[in-house]
Amino acid sequence: MSDLQARTRYEPTEAEPRITERWLAAGLHHPEPEGTAADNYAIAIPPPNVTGALHMGHALNGAIQDTLIRWHRMRGKRAKWILGTDHAGIATQTQVEKLLKSEGTSREEVGRDEFTRRVWEWREQYGGTIVGQLRRLGASCDYDEERFTLDAAYHDAVLKVFVELFEQGLIYRDNYMVNWDPGSRSAISDLEVEDREVTDTLYEIAYPLSDGDGEVVVATVRPETLLADTAVAVNPDDERFAHLVGRTVVLPIVGRELTIIADEYVKTDFGTGCLKITPGHDPNDFEIGRKHGLDELSVIGEDGRMSADAGEYAGLSALEARERIVATLQEQGLLRGSEPYVHTVPFSHRSGERIEPLVSLQWFMRMDELAAPAIDVVRDGRVRIHPPTQSRRYVDWLENIRPWCVSRQLWWGHQIPVWYRGDAASGGEGETYVGMEPPPGEGWTRDPDVLDTWFSSALWPFATLGWPQDTPELRAFYPTDVLSTARDILFLWVARMVMMGLRFAGDVPFTDVYVHSVIQAPDGRRMSKSLGTGIDPLDVISGGPRPPVFAGTGAHPPHDPGEFPAYGADALRFGLLAMSSTQDVRFSEDRVQQGQQLANKLFNASRFVLLRVANAGIDPGDGAPVPDRVEDRWILSRLTAFQEETASLLDEFDFAKAALGLYDFVYGELCDWYLELIKSREVDAALGATLVHVIRETLVTAHPFIPFVTEELWSHLPAADDTLLAGTQATPADPSLRDPAAEEAIAAVITSVQELRGWRDAAGVKPGASIPARLRSDMGEEALALVARLARLEWADDGEVAGTVTVPGGTIEILASELVDPAELARKRDARAGDLRKEIARAEGKLGNEGFVAKAPEAVVAAEREKLERLQAELAELGTE
RNA sequence: GGGCGCUUAGCUCAGCUGGCUAGAGCACCUCGCUUACAACGAGGGGGCCGGGGGUUCGAGUCCCUCAGCGCCCACCA
């Protein structure tokens, strides 16, 4: 209590680490695996990359998930927040390759085993960073059972799924066009590709007809792929070229004969209307080639250079080959034109290199059979997506799903459980074995490829719980309840978890998907390290440089963005929740500041109550409220409403409204009014009990949002002993505490006081002065006393009326005194009269409208009449002309 | 090329199924260090709710259209 006495300000940096220690020591974050999923509450965290650091998206999602976890834990559920990290194949491998490069070596040089060892070493060193940062945020994840997507048990689950899908015919090996990333020397998925706009040159090249009877001209930005052309295509409806279909042309430089085919895909109004077909190096041409049974030639290798099949160009980079080929064409007089051409081109999200579409032998997963049930569960509501507009995107995507290339030519990841003998590895004659264990016998070699990271992520909600073993964890927590994530991985990850969960764990992996905002930089750009627009959540929590992105937004001076004050984790959590919505939103430091102010306000309100109660020598007992007076009944009613509202908003995943509702209750009802209303009262046992009850219940309801400050204050409550608020069971809001009469009475007090204060201010009355007034209102005695005190009125019987203030239930006449400035008063009165006349005219117009009176609902008409009467009465009271 | 969304006070945003004398936080102005909080409190100013048209007794809220911005999906050489 003494430290409460001394400190007038809540210091998050002092309190938060201390409180984190208490939480961890108590072990509340780790529930025993008992009961069934229906009794319990679980969320699987989207596993951050093991090498990653906490960014604003993690912080928002952490705040969301922790609010839900704490809320349900306090409602008596065993609440488990499944924690872990993702091995993140390409991202991690790239990091370690960079490290090796800085040491003057490479992964090829050190070899696969050593390289893998180095990655594990790296993981040991950096893997804990993000988990520590989550702890700093106050996230009550199950730190006792941290998973990793490369754990031995997890690895078994991954292999088992692969083998079973293979046995079920859903996984197969095929030559197919993939997005080849020359940077990481691996196939990557469509989802790891980003389109960038580049300026290329569009060349027009003549292909002479074999019979010498003219030529066709094709347009291309990649002349070097000409070496692998196997056809030329025109649109079947294109009359210009109809006579050419079926004839052949001579491929320049190479001399091969190509047939002119007809395909709908070719646009008649683009380029020359003739399209060179290169099935080996262009995804569209690949499709056309398959349709027409064309050869798939390849002249570019996996290193992005021209391959041996490119003949004299072998070994050149694609770009060099292009220049040489263009030059040759020019010499041969076959170049018909060239012009700059701006278009979008795929780049690897990871390595940043331009994607080289290549045909290669890869492992694929057939998705249609898996997708159908995943669509059904969203359609029939077994999985609910919030906001619901996202479910259409989900369904659309699944309905158009294509085979998934699951093999990656990396060393870091789950190595594919496939062995070859003979020439099977390269697609030739031989044996292929798929199984969890190496096959018996000699001469087998294992497929060197690993699985796409998302393959293992897709198993996350059940593999983390011990599947395929029938573990108590699995029984207690699967299916989980909520999956919270940003939009960008709805397909990449969420849809795949649903498919895998249904197929292997026998049920949906979660019942609700919450798709949260993307937090943009304050200027509306993406938050990104490379743009310098990123804001480190830890800097906001503990204080740190404010990035230059704040410059020019109006929030801060353009030159020196300065530093963030140490807002604390509560403030950041509150701010992020308050600014989030279903839209993308700009990061708002003001919202964070609002959270800081809320924490401080709550601290001081609690301090006020606890010190008062202590000074009065009251033992509030168990804190059961004893509502003596109207304002006590009012605050209990409002508290109950606030609790009910918070519960339903959280059920609807409306975190912004819930957070702002908390702020409004604490400021707008508890502090601004209730504590002011009771200030003059002597604290007796009844009032003490009510006050402590209200504070306690407020802390309980606020805790999931701002866990630190509430936990800190909880320890100061009279009955506190050593129990943690985080582990306290909230009792449901008691509807019998709702009291409409008290609400109406205090609402009248509040508007009266506000009116009177406004009047005083306008009339130039000193804030501290009490002024004589006479009452002509039927407001009850109790309420009137409150109004008089808060508006500083002294009831008097006679005196000249200086001004009239309309209040609910009547009017209050302010009597003339030297405290009232008549000139100010007249100005105020005239202004009010003007407003009233305007509003009266509007209401009269409305009520004079036959259509309104006849067609609008009765209640609306009645309300309008009542309003009109009220305004007219007020105008009459003012006594102006 | 399709699809979705946004445009409300100086800034960041609320406004659900149409009834609003249009709200909040921050910023701004005035007053106040009244023993919970001056990183605070009280009061105040500030908005033809992007433009145009329509439906309706009534539109910030519904429909059409134009303009600007953003996101997602897609194979235009």
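Each chain gets a letter, A, B and so on, in the order its sequence line appears, and its residues count up from 1.
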Positive for salt bridge (Lys or Arg N to Asp or Glu O under 4.0 Å) with A:Lys867, one of A:Glu844, A:Glu839, A:Glu874: A:Glu839
Separation of the [atom1] atoms in [N] and [M], to the nearest angstrom:
{"N": "B:G47", "M": "B:A9", "atom1": "C1'", "value": "5 Å"}
{"N": "B:C62", "M": "B:G18", "atom1": "C1'", "value": "7 Å"}
{"N": "B:G19", "M": "B:U61", "atom1": "P", "value": "11 Å"}
{"N": "B:G23", "M": "B:C16", "atom1": "C1'", "value": "15 Å"}
{"N": "B:C20", "M": "B:A59", "atom1": "C1'", "value": "11 Å"}
{"N": "B:C6", "M": "B:G53", "atom1": "P", "value": "23 Å"}
{"N": "B:G70", "M": "B:C37", "atom1": "C1'", "value": "41 Å"}
{"N": "B:G60", "M": "B:G51", "atom1": "C1'", "value": "15 Å"}

Given [options], the nucleotide with the shortest approach to the side chain of [X]:
{"X": "A:Gln594", "options": "B:G25, B:A39, B:A77", "result": "B:G25"}
{"X": "A:Asp672", "options": "B:G41, B:C75, B:C57", "result": "B:G41"}
{"X": "A:Glu676", "options": "B:C4, B:C37, B:C26", "result": "B:C37"}
{"X": "A:Tyr663", "options": "B:C71, B:C57, B:G25", "result": "B:G25"}
{"X": "A:Asn600", "options": "B:A42, B:C37, B:U12", "result": "B:C37"}
{"X": "A:Arg792", "options": "B:A77, B:U34, B:C71", "result": "B:U34"}
{"X": "A:Arg402", "options": "B:C75, B:C57, B:A77", "result": "B:C75"}
{"X": "A:Ser588", "options": "B:A77, B:U12, B:C57", "result": "B:U12"}
{"X": "A:Lys267", "options": "B:C76, B:A38, B:U21", "result": "B:C76"}
{"X": "A:Arg393", "options": "B:C37, B:C72, B:A77", "result": "B:C72"}

A:Lys267, NZ atom: more than 12 neighbouring heavy atoms under 6.0 Å: yes
Other residues, nucleotides, ligands: >12 heavy atoms within 6.0 Å of A:Lys766 NZ: no
[N] OP1/OP2 closer than 4.0 Å to side-chain N/O of [X]:
{"X": "A:Gln597", "N": "B:C40", "answer": "yes"}
{"X": "A:Tyr341", "N": "B:A77", "answer": "yes"}
{"X": "A:Lys601", "N": "B:C40", "answer": "no"}
{"X": "A:Lys867", "N": "B:U21", "answer": "yes"}
{"X": "A:Ser581", "N": "B:A14", "answer": "yes"}
{"X": "A:Arg591", "N": "B:G25", "answer": "no"}
{"X": "A:Arg842", "N": "B:U21", "answer": "yes"}

Determine the contact category for [X]: base if any of its heavy atoms lies under 4.0 Å from a base atom, sugar-phosphate if only primed atoms, P, OP1 or OP2 are that close, otherwise nothing.
{"X": "A:Glu864", "result": "nothing"}
{"X": "A:Lys679", "result": "base"}
{"X": "A:Glu755", "result": "nothing"}
{"X": "A:Phe574", "result": "nothing"}
{"X": "A:Pro857", "result": "base"}
{"X": "A:Arg9", "result": "base"}

Do [X] and [Y] have side-chain atoms, one donor and one acceptor, less than 3.5 Å apart?
{"X": "A:Asp229", "Y": "A:Thr278", "value": "yes"}
{"X": "A:Arg757", "Y": "A:Gln754", "value": "no"}
{"X": "A:Gln594", "Y": "A:Glu589", "value": "no"}

Which residue lies more 5' along RNA chain B, comparing A:Trp673 with A:Arg222 via nearest heavy atoms: A:Trp673
Toward the 5' end of RNA chain B, by each residue's nearest nucleotide, A:Ala762 or A:Asn604: A:Asn604
N/O donor-acceptor pair, side chain A:Tyr10 with base B:C37, under 3.5 angstrom: no
Parallel, tilted or perpendicular, as decided by the 30° and 60° cut-offs, for the rings of A:Phe603 and A:Tyr10: tilted
